[in-house]
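Here is the structure we will look at, set down as structure tokens.
In what follows, chains carry the letters A, B, and so on, assigned in the order in which the sequence lines appear, proteins first and then strands, with residues in each chain numbered from 1. The basis for the numbers below is simple: all heavy atoms, side chains too, and nothing from hydrogens, waters or symmetry mates.
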There are 2 protein chains.
Amino acid sequence: MRTRKSAATRKAEIVEAALRLADRLGPDRMSTEAVANAVGITQAGLFRHFPRKQVLWEAVADRIGTMMEEGWAEALRGKARPGDKIRALVVAQLRLIRATPAIPAILFSRELHTDNDGLRTAFLALLGRFHGRIAGLVEEGIDAGEWDADLDPGDAAFLILGLVQGLAVRWSVAGRGFDLVAEGERLLELLLRGFARPPAGTARPEPRS
Amino acid sequence: MRTRKSAATRKAEIVEAALRLADRLGPDRMSTEAVANAVGITQAGLFRHFPRKQVLWEAVADRIGTMMEEGWAEALRGKARPGDKIRALVVAQLRLIRATPAIPAILFSRELHTDNDGLRTAFLALLGRFHGRIAGLVEEGIDAGEWDADLDPGDAAFLILGLVQGLAVRWSVAGRGFDLVAEGERLLELLLRGFARPPAGTARPEPRS
DNA sequence: CATGCAAGTGAGTAAACACTAGCTAACGAT
DNA sequence: ATCGTTAGCTAGTGTTTACTCACTTGCATG
């Protein structure tokens with residue numbers, strides 16, 4: 001019993017450690033003992049702050065939500081054009097994933113979702129908010145004449161979300177062997193280019209064979 | 001000891017059951033006992049066929065690889081134009097995921113990858129093969145004048161992979177509440193439309209603010 | 001029909017796990 | 001300086017897990 005910290009500080013420390021360990025070990029292999037060791041308390045001591053492990057996961061989910069929302073707010077500051085806002089949002093999201101790679105691991109962990117439906121729907125809502133913001137910006141861009149008026153903002157936003165998620169997956173499977181953010185920026189430019197008004201005659205693809 | 005089957009048949013049954021259970025429980029919560037029960041043998045009996053659980057995972061990975069390659073080969077039959085080939089590949093992949101939802105769960109399971117680097121690199125190679133095929137087809141499409149000559153085939157293929165992976169993730173998080181294949185077909189059309197030659201002046205986006 | 005191989009069983013083990021009970025002492029407020 | 005609150009500890013519990021071992025018996029083959 002060296003130092004005693006306030007419950008609030010400890011809780012934050014624990015959540016932080018959980019985010020680190022969920023990445024290193026995989027969310028489902030992150031044991032309460034590993035987390036306790038990482039923050040320098042005993043395993044039993046952890047339960048003083050989170051009476052069940054699930055409550056810890058809820059706190060982690062909360063933290064992820066906060067980090068994302070903060071990142072988005074920060075990213076949008078000073079950006080005017082919808083295209084730039086979208087670029088900023090995507091870059092912010094990728095930077096967050098790079099700094100906290102546990103996020104996709106937790107977000108998409110089948111293990112966590114099987115007996116924790118609340119978590120699953122919380123993450124679904126979070127992704128929904130991201131999608132909503134992007135879709136809104138695409139609509140602005142269409143109104144501003146920057147992109148094709150035939151573009152469905154929701155679908156376009158799904159493509160952008162897919163870019164981020166697909167990239168995160170590839171980055172993880174590839175052992176983080178490339179620059180997540182730079183790769184994302186390049187692919188986003190390519191995608192956004194395609195949102196521009198198509199040349200007459202190519203707008204609708206020919207019917208399939 | 002009711003019926004006794006050949007090792008080959010049993011192994012196939014076990015792998016099949018593992019694919020079902022890895023989806024239901026999450027790959028890391030799929031216990032050897034659950035698999036054994038599902039095929040109707042005792043837990044100890046399972047180790048007759050797979051001496052360590054990891055060997056079972058390798059067999060599962062193998063099966064996934066085979067299913068994918070078969071799906072791709074089948075999909076390409078009778079398709080001539082590169083665009084149609086890409087559509088067919090994507091649809092085949094999505095159908096496979098719909099029929100065997102454990103595939104993305106296993107492919108992206110952080111738990112499985114942490115202490116099973118062989119599996120990770122095997123899946124990386126599998127994704128690489130998919131990417132290679134798509135990239136080759138994009139190049140064909142460019143040569144055929146269907147798509148913008150400035151398009152980088154590798155990047156375009158990454159966007160398509162991102163579409164599939166992002167969609168799979170969303171489908172899973174959303175509790176499979178929409179038609180994976182139909183949604184994929186729609187988004188792919190949107191993406192491919194953007195690959196067409198851009199109107200003069202919009203080819204390069206303006207520099208960022 | 002005999003027989004050897006191997007598919008399958010029953011009964012275990014040690015380790016890892018989330019979680020509990022009851023005690024101790026650090027700290028803030030008075 | 002005292003004292004109540006509460007963070008943290010020690011020492012457990014029951015359960016689940018991968019894996020072992022000695023055995024039994026179904027089946028293809030001679």
Salt bridge (charged side-chain N to carboxylate O under 4.0 Å, His left out) partners of Asp143(A), counting only residues at least two apart: none

Side chains of residues 52-61 of chain A: which donor-acceptor pairs under 3.5 Å do they make with residues two or more places apart or in other chains?
| unit_1 | atom_1 | unit_2 | atom_2 | d |
| --- | --- | --- | --- | --- |
| Lys53(A) | NZ | Met30(A) | O | 2.8 |
| Gln54(A) | NE2 | Asn116(A) | OD1 | 3.3 |

Pairs satisfying ring pair (Phe, Tyr, Trp, His ring centres under 6.0 Å), at least one member in residues 14-47 of chain B, at least two apart: none

Ring pair (Phe, Tyr, Trp, His ring centres under 6.0 Å) contacts touching residues 72-127 of chain A (sequence neighbours left out): Trp72(A)-Phe130(A)

Pairs under 3.5 angstrom only: tabulate donor-acceptor contacts from the side chains of residues 160-172 of chain A to other protein residues two or more places apart or in another chain.
| unit_1 | atom_1 | unit_2 | atom_2 | d |
| --- | --- | --- | --- | --- |
| Arg170(A) | NH2 | Glu183(A) | OE2 | 3.1 |
| Trp171(A) | NE1 | Phe178(A) | O | 3.0 |

Partners passing ring pair (Phe, Tyr, Trp, His ring centres under 6.0 Å) against His131(B) (at least two apart in sequence or in another chain): Phe158(B)

Close residues, residues 23-52 of chain B, relative to DNA chain D [heavy-atom separation under 4.0 Å]: Met30(B), Ser31(B), Thr32(B), Gln43(B), Ala44(B), Phe47(B), Arg48(B), Arg52(B)

Partner set under side-chain contact (heavy atoms from CB on, under 4.5 Å) for Glu140(A), not counting sequence neighbours: Pro82(A), Lys85(A), Leu137(A)

Residue pairs involving residues 97-109 of chain A (criterion salt bridge (charged side-chain N to carboxylate O under 4.0 Å, His left out); sequence neighbours excluded): Arg98(A)-Asp179(A)

Interatomic distance, Glu111(A) CD vs dA18(C) P [rounded to whole Å]: 14 Å

Atom pairs under 3.5 Å, N or O on each side, protein against nucleotides 13-15 of chain D: can you list them with distances?
none

Distance below 4.0 Å between Arg4(A) side-chain N/O and dT5(D) OP1 or OP2: no

Spacing of Leu21(A) atom CG relative to dC17(C) atom P, expressed in whole Å: 12 Å

Salt-bridge present (Arg10(A), Glu13(A); N to O < 4.0 Å): yes

Where at least one partner belongs to residues 13-42 of chain A, residue pairs that pass ring pair (Phe, Tyr, Trp, His ring centres under 6.0 Å), sequence neighbours excluded: none

Any residue of residues 53-64 of chain B with a heavy atom less than 4.0 Å from an atom of DNA chain D: Lys53(B)

